[in-house]
Amino acid sequence: MWRNKYIIFGLFLLICGQVSAQKQERDYIRKGNRQYKDSLFVDAEINYRKALEINPASAQAYTNLGNALAYQDNFQEAMEQYMSAAKIEKDKDKLAAIFHNAGVLLHAAQEYEKAIECYKQSLRNNPKDDETRYNLALAQKMLQDQQDQQDQQQDQDQQNDQQDQQQDQDQNNDNDNQDQQNQDQQPPEPEQNENEMSKENAEQLLNSVLQDERDVQDKVKKQQVIQGGRLEKDW
């Protein structure tokens with residue numbers, strides 16, 4: 001009997017605690033919403049985080065926190081909050097709103113492919129949302145324009161590379177032609193004057209003169225020997 005009373009009392013306390021926690025969570029979210037409407041995004045962020053401390057599975061707190069972060073230009077963390085909310089949220093309309101907001105952030109960051117996927121996810125949960133449908137069409141057009149621009153830039157870069165190669169080739173050809181012209185314009189090797197004597201001819205002439213001189217000296221010596229009464233014997 002008493003054991004049952006303790007069990008019932010324990011359940012009562014547990015329920016009261018859960019009700020109190022839910023009330024605190026709602027209070028923080030409501031306070032954050034008021035601050036959000038007054039553009040007090042930092043204060044709103046604080047209250048949404050307090051709500052998540054009480055209930056880490058609050059899809060609404062994740063979503064609202066993502067919105068507050070987005071208005072502070074903290075897009076990356078805002079996307080993280082949206083994705084956390086998307087994993088928890090079961091209501092299709094709210095899930096569609098989450099993906100719509102995520103698509104808007106990606107759209108603004110020019111990540112059109114990811115934005116398109118988020119818009120499609122939003123429309124799967126709420127096919128009647130004309131605003132999301134318009135954003136989807138716009139993102140698809142901007143993605144096509146982006147791809148066309150990239151293709152044009154690639155073609156332009158390729159043309160520039162070809163022009164640079166052609167200019168280099170033309171420059172090389174001009175240099176080759178200039179070198180050939182310089183070679184053609186070089187003065188010819190001086191022709192040897194018929195009256196000038198080559199080194200080889202000069203050496204031959206000098207040897208010839210020296211030999212003649214030696215012959216003369218030999219003759220003189222022989223004459224001196226004969227005149228002195230001496231006769232050298234040829235062996």
For Ala86, all residues meeting side chain to side chain contact (heavy atoms under 4.5 Å, CB included), sequence neighbours excluded: Leu95, Ile98, Phe99
Should His107 and Leu138 be marked as a side chain to side chain contact (heavy atoms under 4.5 Å, CB included) after you check the CA-CA gap, both sets of side-chain angles, and the distance that decides it? CA-CA 9 Å; His107 197 145; Leu138 182 61; 4.0 Å; yes
Residue pair Arg34, Asp38: steps toward the salt bridge (charged side-chain N to carboxylate O under 4.0 Å, His left out) verdict: CA-CA 6 Å; Arg34 290 193 297 269; Asp38 292 336; over 6 Å; no
List, one per line, each side-chain donor-acceptor pair under 3.5 Å for residues 142-149, sequence neighbours excluded.
| residue | atom | partner | partner atom | Å |
| --- | --- | --- | --- | --- |
| Gln144 | NE2 | Asp148 | OD1 | 3.0 |
| Asp145 | OD2 | Lys141 | NZ | 2.9 |

Taking side chain to side chain contact (heavy atoms under 4.5 Å, CB included) as the definition, give me every residue that meets it alongside Lys94, ordered by chain and number, with sequence neighbours left out. Glu89, Asp91
My understanding is that only residues two or more places apart in sequence, or in another chain, count here; which of them pass side-chain hydrogen bond (donor to acceptor under 3.5 Å, both in side chains) with Asp129? Thr132
Distance col, row Ser122:OG vs Lys92:NZ, nearest 0.5 angstrom, shows 11.5 Å
Lys50 vs Lys31, side chain to side chain contact (heavy atoms under 4.5 Å, CB included): CA-CA, chis, key distance, verdict: CA-CA 11 Å; Lys50 289 180 177 179; Lys31 186 176 180 180; over 6 Å; no
Taking every heavy atom of Ala44 against every heavy atom of Gly32, the minimum-distance pair comes out as CB-O, 3.3 Å
For Asp93, give me all partners under salt bridge (Lys or Arg N to Asp or Glu O under 4.0 Å), at least two apart in sequence or on another chain. none
Verdict with reasoning, Leu69 to Phe41, per side chain to side chain contact (heavy atoms under 4.5 Å, CB included): CA-CA 7 Å; Leu69 291 169; Phe41 302 117; over 6 Å; no
Under the side chain to side chain donor-acceptor pair (under 3.5 Å) rule, what pairs show up with a residue in residues 63-80, not counting sequence neighbours? Asn33-Asn64, Glu45-Gln72, Arg49-Glu77, Asn67-Tyr82, Asn67-Asn101, Asn74-Glu77
Heavy-atom closest pair (Leu106 atom, Cys118 atom, distance to 0.1 Å) is CD1-SG, 3.7 Å
Could you measure the distance from the CG atom of Asn135 to the OH atom of Tyr119? Nearest 0.5 Å is fine. 4.0 Å
Restricting to non-hydrogen atoms, name the atom on Leu52 and the atom on Ser58 that form the minimum distance, rounded to 0.1 Å. CD2-O, 3.8 Å
Rounded to the nearest 0.5 angstrom, the CG-CD distance for Leu123 and Glu131 is 11.0 Å
Would you please name every residue forming a side chain to side chain contact (heavy atoms under 4.5 Å, CB included) with Ala51, sequence neighbours left out? Glu25, Tyr28, Ile29, Ala61
According to side-chain hydrogen bond (donor to acceptor under 3.5 Å, both in side chains), who are the partners of Gln156, at least two apart in sequence or on a separate chain? Asn160
Closest non-hydrogen atom pair, Ala78 against Leu105: CB-CD1, 3.8 Å
Between Ala115 and Gly103 the two heavy atoms that sit nearest each other are CB-O, 3.5 Å
Scan residues 96-107 for pairs that pass salt bridge (Lys or Arg N to Asp or Glu O under 4.0 Å), counting only residues two or more places apart or in two chains. none
What residue pairs, at least two apart or across chains, pass salt bridge (Lys or Arg N to Asp or Glu O under 4.0 Å) with a residue in residues 113-124? Glu111-Lys114, Glu117-Arg124
Quick one: does any side-chain atom of Tyr62 pair with a main-chain N or O of Met83 as donor and acceptor, under 3.5 Å? no
Considering residues at least two apart in sequence or located in another chain, which fulfil the side-chain hydrogen bond (donor to acceptor under 3.5 Å, both in side chains) criterion with Asp151? none
Which atom names give the shortest non-hydrogen contact between Ala96 and Asn125, and what distance separates them? CB-CB, 3.8 Å
Please enumerate all residues that pass side chain to side chain contact (heavy atoms under 4.5 Å, CB included) together with Asp130, with sequence neighbours excluded. Arg133
